[in-house]
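The chains referred to below are lettered A, B, ... by the order of the sequence lines, with proteins before strands, and numbering in each begins at 1.
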2 protein chains.
Amino acid sequence: MTCVSEYSPQLHALGFRTTSQRMTILHVLRHAGGHLSPKQVYDLACREMPSLTEPTIYRTLEFLAENGLVLAAHVGNGKIVYELSNGNHHHLICRNCGRSLEIEHAPLQKLYRQLESSTGYKLDSSHVTFFGLCPGCQ
Amino acid sequence: MTCVSEYSPQLHALGFRTTSQRMTILHVLRHAGGHLSPKQVYDLACREMPSLTEPTIYRTLEFLAENGLVLAAHVGNGKIVYELSNGNHHHLICRNCGRSLEIEHAPLQKLYRQLESSTGYKLDSSHVTFFGLCPGCQ
DNA sequence: TGAACTATTGTAAAAACTTGCAATAAGGAT
DNA sequence: ATCCTTATTGCAAGTTTTTACAATAGTTCA
């Protein structure tokens, strides 16, 4: 399945346009697998499409995150990283060594229902980051 | 209780020095009550101490957060805000209007224990941010 | 297919944040 | 009180991120 054939219909269904910039950025994220910082996305995407500019990278990543095509995760000091949103998972990050672990959404489900009923908010099950110390750093 | 008499011993106990820059920044955060962005801290702190510089603000906020005197919270798009760390609470933020709600730590306690035993990590109970839609924006 | 509409991108400049290094000043010892 | 050590700050320059607006290029419709 190519990036275009997969993502173009999703964008179209939401009323947005398919552009080569968006396809390139999605392709880079898919190819990379894990998290990438905006800078990393920029560097990799420029290889495939040298005309890409920084504002486009930032705007597109934010746009894709808002529309659920990618996941924006907070990792450490106010830094934000992006990855393809394949399934719901969360992160647990060691604040000493920075090593991160993925957490399934399932164990959070009960808490989510509880918070939703007590606050009236409808929670995004998209992403939460927990910080702590990994076994090696304790 | 003044800022100096409260925070100076805390810093000293951790082996750090009491400086007027740190006291000014803590004073600003205490006086403000809620979250402040680094820029807001800078603007307010400069009124009390015009010689303060931006690098000092950023470094000091990060330093204070690392040492538990202030809390660094992620609010929205990769932005980080700081507040005095009075008690453990978490945030629930509406991704549409940005309105935030504080959540007690208690309801998360069970989840924390569960995650700690399944991952081996020792979790900071300091801060987690949930995103969702508030009742008004749904 | 071509024209029209407007979402999206590029440009240029500003604002926010970071880094390395030299100067300063807090805290301990004399 | 003064000196010494070194943590902390300021400075200057760099990098990252944002903004406003004009130019471009998807998409729809005739």
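At the phosphate of C/dG10, OP1 or OP2 sits under 4.0 Å from a side-chain N or O atom of A/Q21. Contact between the side-chain N/O atoms of B/Y58 and the OP1/OP2 oxygens of C/dT18 is not found at any separation under 4.0 Å. Dashed line: the shortest gap from a side-chain N or O of A/T19 to OP1 or OP2 of C/dA7 is not under 4.0 Å. An OP1 or OP2 oxygen of D/dT9 is reached within less than 4.0 angstrom by no side-chain nitrogen or oxygen of B/S51. Contact annotation: B/H12 does not reach the phosphate of D/dA7 (side-chain N/O to OP1 or OP2, under 4.0 Å). In terms of phosphate contacts, A/T56 brings a side-chain nitrogen or oxygen within less than 4.0 Å of OP1 or OP2 of C/dG10.
The CG-P distance, from B/L61 to D/dT8, rounds to 15 Å in whole Å. When the P atom of C/dA25 is taken as reference, atom CG of B/L52 falls 13 Å away, rounded to whole Å. Summarising the geometry, the separation between CD on A/E62 and C1' on D/dT16 is reported as 15 Å, rounded to the nearest angstrom. Between the CZ atom of B/R59 and the C1' atom of D/dA12 there is a distance of 12 Å, given to the nearest Å. Separating the CG atom of A/N67 from the C1' atom of C/dT8 is a distance of 14 Å, rounded to the nearest angstrom. Following rounding to the nearest Å, B/L11 (CG) and C/dG27 (P) show an atom-to-atom distance of 9 Å. In this structure, A/E54 atom CD and C/dA12 atom P are separated by 14 Å, rounded to whole Å. The CE-C1' distance, from B/M49 to D/dG10, rounds to 11 Å in whole Å.
Across all strands, A/R22 comes closer than 4.0 Å only to sugar-phosphate atoms, never to a base (heavy-atom distances). Here A/F63 lies out of heavy-atom contact (under 4.0 Å) with every strand. Base contact: A/T53 has a heavy atom under 4.0 Å from a base atom.
When distances are taken from the side chain of B/T18 to each of C/dG27, C/dT19, C/dT9, the shortest belongs to C/dG27. With distances taken from any side-chain atom of A/R17 to the nucleotides C/dT11, C/dC5, C/dC17, the minimum falls on C/dC5.
A residue-by-residue look at A/G15 and B/K39 shows that A/G15 has its nearest nucleotide of DNA chain C further toward the 5' end.
A salt bridge does not link A/D43 with A/R47: every distance from a Lys NZ or Arg NE/NH1/NH2 to an Asp or Glu carboxylate oxygen is 4.0 Å or more.
Aromatic pair B/Y121/A/F130: ring centres not closer than 6.0 Å.
Cation-pi geometry between A/R22 and A/Y7 is not met: the NZ or CZ atom fails to fall both under 6.0 Å from the ring centre and inside 45° of the normal.
A/H90 places a side-chain heavy atom less than 4.5 Å from the side chain of A/L108.
Here the side chain of B/T56 pairs no donor or acceptor atom with the backbone of B/L52 at under 3.5 angstrom.
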